[in-house]
Protein chains: 2
Amino acid sequence: MRDELREELREDEYELLARLAQRYYVDERTQEEIAREFALSRPKVQRLLDRARRSGVVAIHIQAPPWLRLELESQLRETFGLSDAIVCSAGSDPLAEREAVAQRAARYLERRLHDGCVVAVSHGRAVGEVPRFFRPGSRLDVTFVSAMGGSPGVAAPTNPNEICRALAAGCGGQAVSLYAPAYVESVEIRDQLLAQEAIAQSLDRAAQASVALVGIGGTDDGCTMVRSGCLTTDEIARLRSQGAVGDVLGNYVDIDGRPVASPHQDRLLALTVEHLRRVGTVVAVVSEPEKPRAILGILRAGVIGVLVVDEGNARAVLDLAAHEPAMAGRAGGDPLPSQGEV
Amino acid sequence: MRDELREELREDEYELLARLAQRYYVDERTQEEIAREFALSRPKVQRLLDRARRSGVVAIHIQAPPWLRLELESQLRETFGLSDAIVCSAGSDPLAEREAVAQRAARYLERRLHDGCVVAVSHGRAVGEVPRFFRPGSRLDVTFVSAMGGSPGVAAPTNPNEICRALAAGCGGQAVSLYAPAYVESVEIRDQLLAQEAIAQSLDRAAQASVALVGIGGTDDGCTMVRSGCLTTDEIARLRSQGAVGDVLGNYVDIDGRPVASPHQDRLLALTVEHLRRVGTVVAVVSEPEKPRAILGILRAGVIGVLVVDEGNARAVLDLAAHEPAMAGRAGGDPLPSQGEV
DNA sequence: CGCAGCCATGAGCAAATGCTCACCGATGCA
DNA sequence: TGCATCGGTGAGCATTTGCTCATGGCTGCG
């Protein structure tokens, strides 16, 4: 749809197109004026202008700052049916990169959020950096709600409750914490906790959010879920062997975006993929290098609306997607995957 | 109006403009979609896009064939209030240049004329070349009428009657000849001729034309009016001394476009400048080198709607216009000069 | 030579766009 | 501190644009 056949034009045809394009794009005449001038019908002028554009007689170039990767972003949007994609390139330092991604995510939120918004927030290192850069121009009456429980084994600033608090502080909004662990030892305990009024209410609040801010986790031994003590290396290895490539809010998916059904699922206190689907805009913030498979899986699950990512991962994901087509039953990049099979 | 202050943009502002422009011009989203996406109001998106364009973030370039002089044409249009200008560059050979100009004029007529049109035609060398190239795709029911009398002293193909006949033959239309000389020896003879039914009718027909095809004559000793024997070198010298720089249909004007009142005027059998003003589209075909002063005068007279000209004259006329501003009372390039003072 | 299918054409309409205007909040001056 | 001014903002409308569709001429095939 982008790279049409640059059909060969005859010389006089070329001239006409160029003339029309000049009048329209440079001199800013209306199509009707031009039609009168050239003794053509208005629709014909329209068609010729269209042709001028598609055939490259009219070249529209966006003088983008060199650090913008607009082309890459468009590819991501189109390939995965995202409503937006933001790619940052901050050089080779992984830390600087994470900060850059967080900053762009913060900027996006500043633009996107307005009074009355409710934002569900996940854990994660990249997500944890967002509050540092989140400084809206004016006070915003926004509520940030934890979308999953906390993990005692990890640094406080990457826990959802803490992130919510910091984000709320940044804009003068409110924070709603989820006073529960992310993972518990058994289904029974999970259900008991879910029966708690405070916990159920918080999660419900998160489920009603209009925006979600999430990270994407991998399945290597050093991933956040393991570092935070939610899962053991054995457990993550078992998930890997089941095909899992990454997670959002502890919900693991395989490379085709299908959920990986596993017992861990039932010990999780977090929004589910279904919940996320009902959230208007799910913003994923990813920066750790070498997570392309995780990102690809999650993107194919079709829950992400906006992806904020570093350039390396962005290219890698697009490469992967091109070389590892999605399996049947879930078309690659289908913007609206059917929910039935989940 | 074209070269606005390329205001300096802050970095994030620049980014936003580039992003919006990308979405609009490259991805072809609507302004409303973009507004929703960026959480802005639609009018704001519109204004930002406008700014993006004026500030040069969006660069629209017309890949014009190198032989097109679109920029020059726009300047001519704007400076002289023309409805169209066509500039040809055919290298250094004056003959080739004249042919190129005639060819472009012919093309223009092919586009412009349609069934029922009446075209008034003047004499001239460049005009005389037009019929050779005038080959409309289909038969056209167009009537070509001589707008001035003939001149026995000049080659037949540059006489209006002959040009009309050839043009009519080219498209299968009709030719209406004016069987009278262009100049006669006295006012009395002119008036007698004008009293002739046939002559009056022909001239009247020409005056009703919707299009006129005219040449622009100079005031040098070798100009068409002298070569054709209409005027002697003494007469043209006197006209020069009165400030005349050029003529259309034998009507001389000075460098500011004001008619040069002279006795010759009354011995002329041709449409007047007033008549031309009432013709919808006056197409001037000019190619002889070194006629810029003549062209400038005629353009300032405000009768020309479409100018077909070689590149050398085009540049020279614009130069002249910039350096020799029109005198008070007739603003330079005024597209609609008042008719009162004529 | 006749016919079917095709592309090109312009009428007409729905959507998108540009623009005007009244309003609001910020800034600067008294 | 109060007031005037100005730049920016979104509602609402007129214009412009994109698109669909019925029509007609042309081409190629029978």
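A note on names: the letters A, B, ... follow the listed sequences, proteins ahead of strands, and every chain is numbered from 1. Keep in mind the model is a prediction, meaning the values are calculated, not measured.
Inspection of the A:Arg112 and A:Thr281 side chains reveals an N or O donor paired with an N or O acceptor under 3.5 Å. Between the side chains of A:Ser74 and B:Gln22, at least one donor N or O sits under 3.5 Å from an acceptor N or O.
Classification of B:Arg135 and B:Glu110 as a salt-bridged pair fails, no side-chain N sitting under 4.0 Å from a carboxylate O. Taking the charged nitrogens against the carboxylate oxygens, B:Arg42 and B:Glu33 have no contact shorter than 4.0 Å, which rules out a salt bridge.
Within a 6.0 Å radius of CZ in A:Arg77, other residues, nucleotides and ligands contribute more than 12 heavy atoms.
Side-chain N/O atoms of B:Tyr24 include one lying less than 4.0 angstrom from OP1 or OP2 on C:dT17.
With rounding to whole Å, B:Arg29 atom CZ is found 12 Å from C:dT17 atom P. Protein atom CD of B:Glu33 is 14 Å distant from nucleotide atom C1' of C:dT17, rounded to whole Å. One interatomic measurement links the two molecules: CD1 of A:Ile34 to P of D:dG18, which rounds to 11 Å at whole-angstrom precision. Whole-Å rounding puts the B:Glu28 CD to C:dA16 C1' distance at 14 Å. Atom C1' of nucleotide C:dA16 and atom NZ of B:Lys44 are separated by 21 Å, given to the nearest angstrom. The distance from atom CG of A:Leu48 to atom P of D:dT17 is 14 Å, rounded to the nearest whole Å. Taking atom CD on B:Gln31 and atom C1' on D:dT15, their separation rounds to 14 Å, with Å as the unit. Straight-line distance from the CD atom of A:Glu32 to the P atom of D:dA14: 17 Å, rounded to whole Å.
Candidate nucleotides D:dA11, D:dT16, D:dG18 were compared by shortest atom distance to the side chain of A:Thr30, and D:dT16 ranks first. Nearest to the side-chain atoms of A:Ser41 among the listed nucleotides C:dG18, C:dG10, D:dG18 stands C:dG10. Taking only side-chain atoms of B:Pro43, from C-beta outward, the nucleotide of C:dT9, D:dC19, D:dG10 with the closest atom is D:dG10. Comparing atom distances between the A:Arg42 side chain and each of D:dG12, D:dG10, D:dT17 picks out D:dT17 as nearest.
Residue contacts shown for B:Gln46 include a base, since a base heavy atom lies under 4.0 Å away.
Side-chain atoms of A:Arg47 stay outside donor-acceptor range of the base of D:dG18, with no qualifying N/O pair under 3.5 Å.
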